[in-house]
Novice: 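What follows is a single structure, and I will ask about it in a moment.
Below, chains carry the letters A, B, ... as their sequence lines are ordered, and counting in each starts from 1.
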Amino acid sequence: MKYDFTAIEKKWQKRWMEEKCYAAVNGSDKPKFYGLIEFPYPSGQGLHVGHPRPYTALDIIARKRRMQGYNVLFPIGYDAFGLPTENYAIKNHMHPRTVTETNIKRFTEQLQMLGFSFDWDRVVDTTDPEYYKWTQWIFLKLFEKGLAYKTSMPVNWCTSCKCVLANEEVVNGVCERCGSEVVRREKSQWMLKITEYAQRLIDDLDEVDFIERVKIQQRNWIGRSTGAEVDFTTTTGDVLTVFTTRPDTLFGATYMVMAPEHALIEKWADKLENLDAVREYQAAAARKSDFERTELQKDKTGVRLQGVAAVNPVTSTEIPIFISDYVLASYGTGAIMAVPGHDTRDWEFAKEFGLPIIEVVKGGDVEKEAFTDCATGIMTNSGFLNGLSVDEAKKKITEWLTEKKLGHEKVNYKLRDWVFSRQRYWGEPIPLVYCEKCGWVAIPESELPLRLPDVESYETTDDGESPLSKMTDWVNTTCPHCGGPAKRETDTMPQWAGSSWYYLRYMDPHNPDALVGEDAIKYWHQVDWYNGGMEHTTLHLLYSRFWHKFLYDIGVVPTKEPYMKRTSHGMILGEGGEKMSKSRGNVVNPNDIVDEYGADTLRLYIMFIGDFEKAVPWSSTAVKGCKRFLDRIWNLAENRLEGEEYSKANESEIHKAIKKVGEDIENMKFNTAIATLMSLVNVFYENKPSRGDIKTFLILLSPFAPHIADELWEHQGFEGMANAQPWPAYDESKTVDAEKEIAVQVGGKLKTTVVVPVDADDETVKSIACADEKIRKILTGMEIVKTIVVKNKLINLIIKPKQ
RNA sequence: GCCGGUGUGAUGGAAUUGGUAGACGUGCUUGACUCAAAAUCAAGUGCCCUCGGGCGUGCCGGUUCGAGUCCGGCCACCGGCACCA
């Protein structure tokens with residue numbers, strides 16, 4: 001009989017679905033395992049081969065856990081709000097809801113075709129009002145606790161999407177999504193105070209098992225630095241506060257720089273002798289897009305504030321103040337003390353403007369370049385700090401500043417608050433109203449979900465307001481607080497909102513009374529293993545950790561962290577090693593592979609293709625190898641075999657394989673796990689397997705290629721299904737052979753190999769090695785000075801000529 | 001510039017963490033089957049060789065009985081951050 005993968009795969013997918021083989025049970029007595037993959041954005045292009053890589057990986061792990069006796073939650077859903085859907089809907093005059101439904105249907109078919117063991121009764125869709133009801137609920141709680149606030153600020157404005165972007169969404173000064181120019185624009189926005197959680201987001205990384213590069217990237221993004229705030233008095237009598245990580249260099253501060261947007265400049269306007277030049281510089285800086293700002297990094301520009309100066313608190317010297325756009329308004333205090341001797345940027349600026357450079361840390365040549373090494377330098381020209389190391393000086397000066405009330409220790413973060421409004425239609429409505437009398441007021445919880453109204457046009461208005469703003473009968477409402485006239489917020493939430501808590505909804509997806517029921521959260525706690533892309537490390541992963549911590553604070557969840565373990569997969573590249581993209585025309589559609597070879601082959605190949613963590617190019621010829629492997633299995637097991645025990649000839653190889661495949665799955669070394677299975681099949685071609693051999697083999701194969709495993713299981717007449725069998729145990733003693741082939745080296749160079757009994761003692765190994773003819777020849781006229789034996793591996797003989 | 005990572009046959013990649021480099025797959029060569037091709041099965045496949053061996057994991061050096069693996073110094077490529085004081 002032919003291996004008719006199309007029929008077989010359909011048959012088993014249907015049976016798994018009917019018999020609910022992969023349903024998770026809330027409150028089961030079994031130990032629980034919650035495995036999670038990042039739910040997809042159901043785009044119009046459908047699935048491409050990149051999607052199933054992480055899905056298959058966690059599917060293998062979930063299947064193995066079930067076989068190990070766990071109650072497994074392995075869910076799937078759709079992160080369906082977002083711009084591409086909305087843009088497509090506008091272009092084709094459709095409702096985004098319709099587009100979303102079509103796309104979800106297509107994605108579902110494609111996912112089911114690949115045989116993933118998702119629990120299809122727990123599907124969530126972020127655009128479902130029953131879902132976003134709880135997204136809105138969380139927002140109201142954030143608002144209630146003062147963590148959501150509205151502020152007017154310069155924001156990143158995408159000129160093409162006509163939309164505000166979070167800092168995380170701006171890449172190299174252009175829009176992450178469409179690549180268009182991003183400019184600064186003053187807008188009133190809802191913000192979430194993620195910065196209030198900055199320290200906890202760093203500290204709690206120590207409690208979770210995330211791969212190191214994820215932890216490092218998150219720490220870098222949050223960007224904690226310790227230093228001091230120092231107050232400088234100015235000739236106007238104002239205090240100009242700066243943040244510095246190098247308070248030790250205070251004696252070397254020869255000028256100051258403020259961001260062009262700094263508030264004190266307005267206050268000083270009538271004192272500035274060169275106000276026109278200052279205004280002109282401010283205007284030029286404001287006009288620059290982020291892109292231009294980064295482009296013009298090299299040349300330092302600025303304007304000196306004539307008529308105002310500052311006083312260095314330790315030297316009492318009067319020093320000039322400049323404005324320059326190399327100082328950012330958004331970090332620290334928006335002003336710095338400039339120490340050109342020991343900061344590269346200050347040094348460049350000082351050279352440009354002919355400002356004095358004083359050496360306060362010995363060890364470099366400050367005339368040639370700034371000396372920034374903190375480890376070796378010794379303080380000089382610094383009064384009471386002279387002779388101290390940089391670290392000692394930092395400590396001493398900070399104490400001194402604190403005592404004199406001129407400053408204090410200070411920690412700063414690069415992380416900024418999360419811009420949470422979008423002027424678009426296809427997102428969760430923000431459930432607030434604005435009342436002239438009461439200000440911003442939350443709508444009552446009983447009115448949730450606040451549904452998206454149908455509008456005629458989804459396009460952003462020309463002044464950058466949300467399409468919802470045109471819906472006057474929706475916008476005009478009454479204030480829940482005073483009953484007077486009020487207007488609804490017309491901005492919607494960003495795409496990241498729905499994905500910030502979806503893992504909780506999976507635990508209890510149909511609960512109408514809570515985002516997750518108490519029993520459900522008590523049982524599932526948190527995600528045990530979460531796999532996702534590195535591109536989400538500073539966006540989704542950080543945002544959802546923040547929301548989870550907030551939910552922990554208000555008593556909704558019992559754990560501080562949402563995810564115990566985080567791993568990451570590499571991308572699948574096009575055949576030429578380039579990123580797969582529609583424009584390059586190198587996108588591989590999984591449907592084509594499934595049609596030609598079947599889902600089991602695709603699953604195997606995607607896992608066999610290379611190191612799971614690294615990017616790998618697709619190969620359309622190498623897929624065949626995995627199909628051949630399945631064909632060879634089919635040939636072996638199609639007909640009923642004999643013998644329930646392991647066959648003598650294969651027993652040891654089977655025990656080794658059970659061990660290796662099990663360990664490899666845990667370490668996500670799927671490629672070598674599959675190689676082990678392939679080797680075992682090669683062994684079966686040498687020594688015909690018994691029915692018992694095949695039984696274990698099919699169980700091991702089942703997580704990787706579940707359809708063919710269940711089919712052949714049935715052919716052999718075994719009870720039940722392969723996917724529901726207990727994971728086989730191995731006998732350690734049977735994974736070692738009675739004899740070992742070991743290397744024989746002379747002087748560290750491999751000369752030959754000999755076979756010795758396993759665990760043979762050094763003397764035995766030596767005598768066997770020396771008895772080898774080749775070695776005997778080499779040893780003629782030589783004496784052995786030293787012998788190194790590594791058990792079961794090698795023997796190394798160090799020799800010299802006989803005297 | 002800073003922070004991560006990678007570099008192994010024609011090719012995708014293995015190598016129990018210092019112990020026989022190249023598992024497994026693709027490709028290629030040869031043979032069997034076939035009228036023939038495909039498919040399948042079997043054998044071979046790092047490079048050089050005077051058949052004793054010699055050389056090989058980006059480059060140069062070091063530690064070691066022994067280095068793809070550890071240390072020092074370079075080079076190339078990929079990812080992230082980027083005037084963060």
Novice: If the test is side chain to side chain contact (heavy atoms under 4.5 Å, CB included), which one of A:Val242, A:Val327, A:Ile321 qualifies with A:Met258?
Specialist: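 Filter result, single survivor: A:Ile321.
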Novice: Please work out if A:Lys774 contacts a base, only the sugar-phosphate, or nothing of the nucleic acid, heavy-atom cut-off 4.0 Å.
Specialist: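 A:Lys774: backbone/sugar contact only, no base atoms under 4.0 Å.
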Novice: Ignoring hydrogens and angles, are the base of B:rC83 and the side chain of A:Lys300 linked by a donor-acceptor pair under 3.5 Å?
Specialist: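 Per atom types, the contact qualifies.
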Novice: Could you state the NZ-C1' distance from A:Lys793 to B:rA67, rounded to the nearest angstrom?
Specialist: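 It is 16 Å, rounded to the nearest whole Å.
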Novice: Can you find a side chain N or O atom of A:Arg628 that sits less than 4.0 Å from OP1 or OP2 on B:rU40?
Specialist: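 Indeed, a polar side-chain atom of A:Arg628 lies that close.
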Novice: So A:Ile609, base contact, sugar-phosphate only, or nothing? Heavy-atom distance under 4.0 Å.
Specialist: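 Sugar-phosphate contact only - A:Ile609 comes under 4.0 Å of backbone atoms but never of a base.
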Novice: Should B:rU40 form a Watson-Crick or G-U wobble pair with both distances under 3.5 Å, which nucleotide is its partner?
Specialist: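 For B:rU40, the partner nucleotide comes out as B:rA32, under the 3.5 Å rule.
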Novice: Measure the distance from NE2 on A:His569 to C1' on B:rG79 and round it to the nearest whole Å.
Specialist: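 Value for this atom pair: 14 Å.
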Novice: Looking at every heavy atom in both A:Ile768 and A:Val755, which two are closest together, and how far apart are they?
Specialist: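 Closest heavy-atom pair between A:Ile768 and A:Val755: CG2-O, 3.9 Å.
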Novice: With P as the reference atom in both, quote the distance from B:rC55 to B:rC28 in angstrom, rounded to an integer.
Specialist: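 Taking atom P in both B:rC55 and B:rC28, they lie 34 Å apart.
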Novice: Would you indicate which nucleotide in B:rA85, B:rG19, B:rG54 comes nearest to any side-chain atom of A:Thr244?
Specialist: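 The answer is B:rA85.
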Novice: In the structure shown, which nucleotide is the Watson-Crick or G-U wobble counterpart of B:rC59, with both distances under 3.5 Å?
Specialist: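 Answer to the pairing question: B:rG73, which forms a Watson-Crick or G-U pair with B:rC59.
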Novice: Counting any heavy atom closer than 4.0 Å, what does A:Gln745 reach on the DNA or RNA strands: base, sugar-phosphate only, or nothing?
Specialist: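 The answer is base, as A:Gln745 lies within the cut-off (heavy atoms under 4.0 Å) of a base atom.
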Novice: Quick one: classify the glycosidic conformation of B:rG46 as syn or anti, with syn meaning within 90° of 0.
Specialist: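 The base of B:rG46 is oriented anti (glycosidic angle more than 90° from 0).
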Novice: Write down the distance between CG (A:Asp737) and P (B:rU20), rounded to a whole number of angstrom.
Specialist: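 Taking CG of A:Asp737 and P of B:rU20, I get 16 Å after rounding.
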Novice: If we take the C1' atom in both B:rG66 and B:rG19, what is their distance in whole Å?
Specialist: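 Rounded to whole Å, the distance is 7 Å.
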Novice: Can you tell me, in whole Å, how much space there is between the C1' of B:rU50 and that of B:rG13?
Specialist: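 Going atom to atom, C1' in each nucleotide, I get 36 Å.
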Novice: Looking only at atom P, what distance separates B:rC24 and B:rC60, rounded to whole Å?
Specialist: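 The same atom, P, in both gives a distance of 31 Å.
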Novice: Salt bridge or not for A:Lys627 and A:Asp631, using N-O below 4.0 Å?
Specialist: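 A:Asp631 and A:Lys627: salt-bridged.
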Novice: Give none if B:rG18 has no partner; otherwise give the nucleotide forming a Watson-Crick or G-U wobble pair with it, both distances under 3.5 Å.
Specialist: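 Partner of B:rG18: none.
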Novice: Taking the side chain of A:Lys786 as its heavy atoms from C-beta onward, which of B:rA85, B:rG25, B:rC65 lies nearest to it?
Specialist: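 So the side chain of A:Lys786 is nearest to B:rC65.
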Novice: Nearest to the A:Phe608 side chain among B:rC41, B:rG12, B:rU26, which nucleotide is it?
Specialist: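 Taking heavy atoms from C-beta onward, the closest nucleotide is B:rG12.
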Novice: Side chain of A:Asn671 only, please: which of B:rU26, B:rG13, B:rU20 is the nearest?
Specialist: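 Nearest nucleotide to the side chain: B:rG13.
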Novice: Tell me: NZ of A:Lys614 to C1' of B:rA14, nearest whole Å?
Specialist: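 Whole-Å distance recorded here is 11 Å.
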Novice: Respond yes when some side-chain nitrogen or oxygen of A:Arg213 is under 4.0 Å from OP1 or OP2 of B:rC3, and no when none is.
Specialist: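 No, A:Arg213 has no side-chain N/O under 4.0 Å of OP1/OP2 on B:rC3.
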Novice: Applying a 4.0 Å non-hydrogen cut-off, can you work out what A:Ile788 is touching in the nucleic acid: base, sugar-phosphate, or nothing?
Specialist: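 Answer is base: heavy atoms of A:Ile788 come under 4.0 Å of a base.
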Novice: For the pair made of OH in A:Tyr605 and P in B:rC24, what is the distance, rounded to whole Å?
Specialist: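 Whole-Å distance recorded here is 18 Å.
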Novice: B:rC81 pairs with which nucleotide, Watson-Crick or G-U wobble, both distances below 3.5 Å?
Specialist: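 Matched B:rC81 with B:rG1 under the 3.5 Å cut-off.
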Novice: Could you give the distance separating B:rA32 and B:rA36 at their P atoms, to the nearest angstrom?
Specialist: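 These two P atoms come out 11 Å apart once rounded.
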Novice: Apply the syn/anti split at 90° from 0 to B:rG7 and say which one it is.
Specialist: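 Base orientation: anti.
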Novice: Kindly assign one of parallel, tilted or perpendicular to the pair A:His536 and A:Trp496, based on the angle between their ring planes and the thresholds 30° and 60°.
Specialist: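 Correct class here is perpendicular.
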Novice: Taking only side-chain nitrogens and oxygens of A:Arg632, does any of them come within less than 4.0 Å of OP1 or OP2 of B:rC41?
Specialist: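 True: A:Arg632 side-chain N/O within range (under 4.0 Å) of B:rC41 OP1/OP2.
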Novice: Go through the steps to decide whether A:Tyr605 and A:Trp618 satisfy the test ring-ring contact (aromatic ring centres under 6.0 Å, His included), and finish with yes or no.
Specialist: CA-CA 10 Å; A:Tyr605 180 62; A:Trp618 179 264; 5.1 Å; yes
Novice: Would you mind checking if A:Arg219 and A:Asp206 are paired as a salt bridge, meaning a charged N to carboxylate O distance below 4.0 Å?
Specialist: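 Salt bridge present between A:Asp206 and A:Arg219.
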Novice: Of A:Leu794 and A:Asn220, whose nearest nucleotide on RNA chain B comes first from the 5' end?
Specialist: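 That would be A:Asn220.
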Novice: Can you figure out which of B:rC24, B:rA14, B:rG66 approaches the side chain of A:Thr672 most closely?
Specialist: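 My answer, after comparing the listed nucleotides, is B:rA14.
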Novice: Which sits closer to the 5' end of RNA chain B, A:Leu750 or A:Ala335, going by the nucleotide each is nearest to?
Specialist: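 By nearest-heavy-atom nucleotide position, the 5'-most residue is A:Leu750.
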Novice: For B:rA82 and B:rC70, measure between their C1' atoms and round to the nearest Å.
Specialist: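 The answer is 33 Å between these two C1' atoms.
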Novice: Is A:Glu741 touching bases, backbone alone, or none of the nucleic acid, heavy atoms closer than 4.0 Å?
Specialist: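 Contact class for A:Glu741: base.
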Novice: Need one value for A:Val790: base, sugar-phosphate or nothing, where a base atom within 4.0 Å counts as base even if backbone is also close, heavy atoms only.
Specialist: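 Since a base atom lies under 4.0 Å of A:Val790, the category is base.
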Novice: Between A:Phe349 and A:Phe353, what is the ring plane arrangement, given parallel below 30°, perpendicular above 60°, and tilted in between?
Specialist: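 The arrangement is parallel - the two ring planes meet at less than 30°.
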Novice: Of all the nucleotides listed (B:rC24, B:rG12, B:rA85), which has the minimum atom distance to the side chain of A:Asn682?
Specialist: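 The listed nucleotide nearest to A:Asn682's side chain is B:rC24.
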Novice: C1' atom, B:rC77 versus B:rC59: distance in rounded Å?
Specialist: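 Each nucleotide's C1' atom is 15 Å from the other's.
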Novice: Of the options B:rU20, B:rA23, B:rC65, whose atoms approach the side-chain atoms of A:Thr753 most closely?
Specialist: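 Selected nucleotide (nearest to the side chain): B:rU20.
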Novice: Under 3.5 Å, is there a donor-acceptor pair linking the side chains of A:Gln199 and A:Tyr413?
Specialist: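 On atom types as modelled, these side chains qualify, holding a pair under 3.5 Å.
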Novice: Answer with base, sugar-phosphate or nothing: what part of the nucleic acid does A:Asp611 contact at a heavy-atom distance below 4.0 Å?
Specialist: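 Sugar-phosphate only.
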Novice: Is any side-chain nitrogen or oxygen of A:Ser225 closer than 4.0 Å to OP1 or OP2 of B:rA85?
Specialist: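 Looking at the OP1 and OP2 atoms of B:rA85, one of them is under 4.0 Å from a side-chain N or O of A:Ser225.
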Novice: Would you mind telling me which of B:rG13, B:rC83, B:rG54 lies closest to the side-chain atoms of A:Tyr326?
Specialist: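 Ranking B:rG13, B:rC83, B:rG54 by closest atom to the A:Tyr326 side chain puts B:rC83 first.
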Novice: What integer distance in Å separates A:Glu732:CD from B:rU16:P?
Specialist: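 Computing the A:Glu732:CD to B:rU16:P distance gives 17 Å.
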Novice: Could you give the CD-to-C1' distance, from A:Glu212 to B:rG80, as a whole number of Å?
Specialist: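 Result: 15 Å.
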Novice: From CG of A:Asp772 over to C1' of B:rU20, roughly how many Å is that when rounded to an integer?
Specialist: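 So the CG-C1' distance, A:Asp772 to B:rU20, works out to 14 Å.
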Novice: Say you pick atom C1' in B:rA67 and the same atom in B:rC33; how far apart are they, in whole Å?
Specialist: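 About 48 Å, rounded to a whole number of Å.
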Novice: For A:Asn796, answer base if it contacts any base atom (sugar-phosphate contacts may also be present), sugar-phosphate if it contacts only those atoms, and nothing otherwise; contact means non-hydrogen atoms under 4.0 Å.
Specialist: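 Base: the residue A:Asn796, judged by heavy atoms under 4.0 Å, touches a nucleobase.
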Novice: I'd like to check A:Phe697 versus A:Ile654 (side-chain heavy atoms, cut-off strictly below 4.5 Å). Are they in contact?
Specialist: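 Sidechains of A:Ile654 and A:Phe697: no contact.
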Novice: Now, which nucleotide makes the Watson-Crick or G-U wobble pair with B:rU11, with each of the two distances under 3.5 Å?
Specialist: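 Per the H-bond distance test, B:rG25.
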Novice: NA contact type, A:Lys749, heavy-atom cut-off 4.0 Å: base, sugar-phosphate, or nothing?
Specialist: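 Result for A:Lys749 = sugar-phosphate.
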